[in-house]
Structure formats: structure tokens, C-alpha cells
Amino acid sequence: MRVKIHHEGTNILIVLLIVVLGICVPLWFYAPLALAIVMTAIWGVFYLLVVNFFRSPRRTFGGDTKNAVVSSADGRVVALEEVFEDEYLHCRCIQLSVFMSILNVHANWFPVDGEVVYAKHHKGRFLAAYLPKSSAENERSTVVIRTPSSQNVLMRQVAGAMARRIVTYAHPGVEARIEDHMGFIKFGSRIDLYLPLGTDIYVNIGDKTIGGMTQVGLLHPEGHGQDTN
């Protein structure tokens with residue numbers, strides 16, 4: 001996979017590099033050599049961690065996209081249960097949540113092919129993203145995609161304790177494709193998917209997923225339906 005830096009991180013990395021150089025370069029002229037070496041190493045590692053956070057790998061889903069549900073994020077499955085979704089779907093669904101640590105790629109992919117029919121940002125708290133109540137109380141952005149078979153899949157970007165900015169590119173009328181980015185969350189967060197009852201689920205709690213590549217489910221249009229708005 002070819003990896004590049006996500007454009008959401010370009011300005012941050014440039015400013016951070018200037019700060020790091022501004023701190024470390026004078027040390028080599030005015031501080032003891034041992035201190036200069038240690039501080040440069042510490043700041044260098046910190047900078048590389050931030051670069052790693054903003055990496056944006058190019059990915060291609062290898063399976064059949066028809067009715068496929070693919071993970072929207074890199075991370076670990078932390079929730080898999082039947083719930084009532086009351087923002088848009090207003091029905092019982094399967095909630096599948098993936099938690100992203102600071103070391104994961106934080107670009108987010110569309111989970112299904114289709115058309116975006118709803119997008120809304122909600123202000124909120126910044127609780128730890130692995131907590132169940134973070135889905136309803138944290139800063140978050142909700143996107144609903146209607147598949148070619150007329151099923152609605154709701155995707156929610158949830159900010160975490162360190163995440164202070166959610167970026168959502170999706171808006172109503174946009175074509176959603178599994179291989180496309182739908183947004184980015186900066187510094188720790190989670191993604192919730194709300195899927196129709198009857199969807200085959202291919203992952204379990206604790207499983208690791210790769211955004212845009214790991215198939216987490218299969219929709220059954222002829223089975224359980226959802227109310228549409």
C-alpha cells in the first residue's frame with residue numbers, strides 16, 4: 001500500500017516542524033551536548049508520532065462491494081449490540097463500533113456504496129471514546145448513506161478525550177463509495193455504524209479492522225427493512 005500524508009495534517013506538521021527546529025537547533029549551539037542530543041531525540045520521536053498519525057494510505061477493497069459493509073476506520077471493535085437509533089433511523093439496529101487509538105490511521109472511509117441522504121454535526125463533550133455513552137454525549141457527526149438497494153446505513157464519527165476536531169466531507173447528494181474518504185478525526189476517537197437487523201456480521205468484540213478493507217458485514221435487502229425518512 002502506498003502511504004501519503006493526509007491533507008488535514010499538512011499545516012499542523014509544517015508548524016510543528018518549525019517549532020521543533022526552533023527548540024532543538026539553538027540547543028546544539030548553547031546547551032551541553034548531552035542535553036542537545038536527548039532533547040533532539042525526544043522532539044524527533046514526538047514529531048514522527050504526529051507524522052504517523054496523519055498518514056493516509058491508499059486502499060482498495062478486494063471483495064464485491066454489492067451489499068458489503070466495510071470498516072470505516074482502523075482500530076478495534078469495542079461494541080456490537082442491538083440498539084434503538086433515534087436520531088434518523090428511529091428503529092432498532094445493529095450497532096458496530098470501532099475505537100481508534102492514537103497510533104491508528106484516523107482517516108475515515110464510507111462503509112457502503114450509495115448516496116448520502118443526511119449529514120449533521122453535533123456539539124458535545126469529550127469523554128473517552130471507548131465509553132458507551134460517548135456515542136450520545138460527545139462531539140460527533142452523523143452521516144446516513146442510502147444504498148442502491150434502498151437500505152439506510154448510519155455512520156457516526158465520535159470525538160474522544162483528545163480529539164478536538166471532526167472533519168466530515170459528506171453532505172446530502174454526495175455519492176458514497178467504499179474506497180473514498182468521508183472524513184477525518186484528529187487525535188483519538190471512534191466510529192459507530194448502525195446497520196439493519198438481519199445484517200450478517202463478520203467481526204467480534206476485540207477484532208482489529210482496517211478502514212476501507214476489512215468487511216465487517218453483509219446487508220440483506222430482501223430481509224429486515226428500516227423506516228426511511
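Quick caveat, the model's predicted, so the values are computed rather than measured.
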Worksheet item: How long is the gap from CZ on R140 to NE2 on H122, to the nearest 0.5 Å?
Response: 5.5 Å
Discussion item. Is it the case that over 12 heavy atoms from other parts of the model lie below 6.0 angstrom from the CZ atom of F46?
Written reply: no
Fill in: Identified side chain to side chain donor-acceptor pair (under 3.5 Å) counterpart of S97 within the set R190, E81, R76
R190
Response to the item:
Residues D74 and G211: closest non-hydrogen pair is OD1-N, 2.6 Å
Worksheet item: At what distance, to the nearest 0.5 angstrom, does CG of L195 lie from CG of L80?
Response: 9.0 Å
Discussion item. Before you tell me yes or no, could you show the steps for L33 and W28 under side-chain contact (heavy atoms from CB on, under 4.5 Å), namely the whole-Å CA-CA distance, both residues' side-chain angles and the distance that decides it to 0.1 Å?
Written reply: CA-CA 7 Å; L33 179 60; W28 288 90; 3.5 Å; yes
Discussion item. Give me the atom names and distance for the closest heavy-atom approach of A170 to A119.
Written reply: O-CB, 3.7 Å
Worksheet item: For the hydrophobic clusters of this structure (ILVMFWY residues joined by side-chain heavy atoms under 4.5 Å, transitively), does one cluster hold both L16 and F184?
Response: yes
Worksheet entry | Interatomic spacing from CG in L197 to CD1 in I94 - rounded to 0.5 Å | 5.5 Å
Worksheet item: Any side-chain heavy atom of V98 within less than 4.5 Å of one from V203?
Response: no
Discussion item. I'd like to know if I185 and I145 are part of one continuous hydrophobic network [Ile/Leu/Val/Met/Phe/Trp/Tyr, side-chain heavy atoms within less than 4.5 Å].
Written reply: yes
Discussion item. Going by the rule side chain to side chain contact (heavy atoms under 4.5 Å, CB included), which residues pair with N204 if we only count those two or more places apart in sequence or in a different chain?
Written reply: D207
Worksheet item: Can you name the closest pair of heavy atoms from G114 and P148 and give their distance?
Response: CA-CD, 4.1 Å
Worksheet item: Applying the 4.5 Å side-chain criterion to the ILVMFWY set and letting contacts propagate, would L21 and M39 be lumped into a single cluster?
Response: yes
Discussion item. Is there a path of hydrophobic side-chain contacts, each under 4.5 Å between heavy atoms, that joins F110 and V112?
Written reply: yes
Discussion item. As a test of understanding, state which of L89, V143, D192 forms a side chain to side chain contact (heavy atoms under 4.5 Å, CB included) with L154.
Written reply: L89
Discussion item. Looking at every non-hydrogen atom in both residues, tell me the closest pair between L219 and Q151 and how far apart they are.
Written reply: CB-OE1, 3.4 Å
Discussion item. I need the single residue from R156, M155, Q157 that forms a side chain to side chain contact (heavy atoms under 4.5 Å, CB included) with S141. Which is it?
Written reply: Q157
Practice prompt. Check whether any side-chain heavy atom of Y88 lies under 4.5 Å from a side-chain heavy atom of K120, and answer yes or no.
Written response: no
Worksheet item: Mind checking whether Y169 and V174 have side chains closer than 4.5 Å, heavy atoms only?
Response: no
Worksheet item: Could you state the interatomic distance from OG1 (T147) to CD (E115), rounded to the nearest 0.5 Å?
Response: 11.0 Å
Discussion item. Determine whether E175 and D180 satisfy the following criterion, side-chain contact (heavy atoms from CB on, under 4.5 Å), listing intermediate values before the conclusion.
Written reply: CA-CA 10 Å; E175 179 186 1; D180 291 341; over 6 Å; no
Item to complete: Work out which heavy atom in I166 is nearest to a heavy atom in H121; give both atom names and the distance.
Response: CB-CE1, 4.3 Å
Discussion item. Counting C-beta onward and ignoring hydrogens, is there a side-chain heavy-atom pair between V70 and W109 closer than 4.5 Å?
Written reply: no
Worksheet item: Do you know the tightest heavy-atom contact between L13 and Y47?
Response: O-OH, 3.1 Å
Fill in: Non-hydrogen side-chain atoms of Q215 and F61 separated by less than 4.5 Å
yes
Fill in: Interatomic distance, L96 atom CG to Y202 atom OH [nearest 0.5 angstrom]
13.0 Å
Worksheet entry | From NE2 (H220) to OG (S149), nearest 0.5 Å | 11.0 Å
Worksheet item: Applying the 4.5 Å side-chain criterion to the ILVMFWY set and letting contacts propagate, would I205 and I191 be lumped into a single cluster?
Response: yes
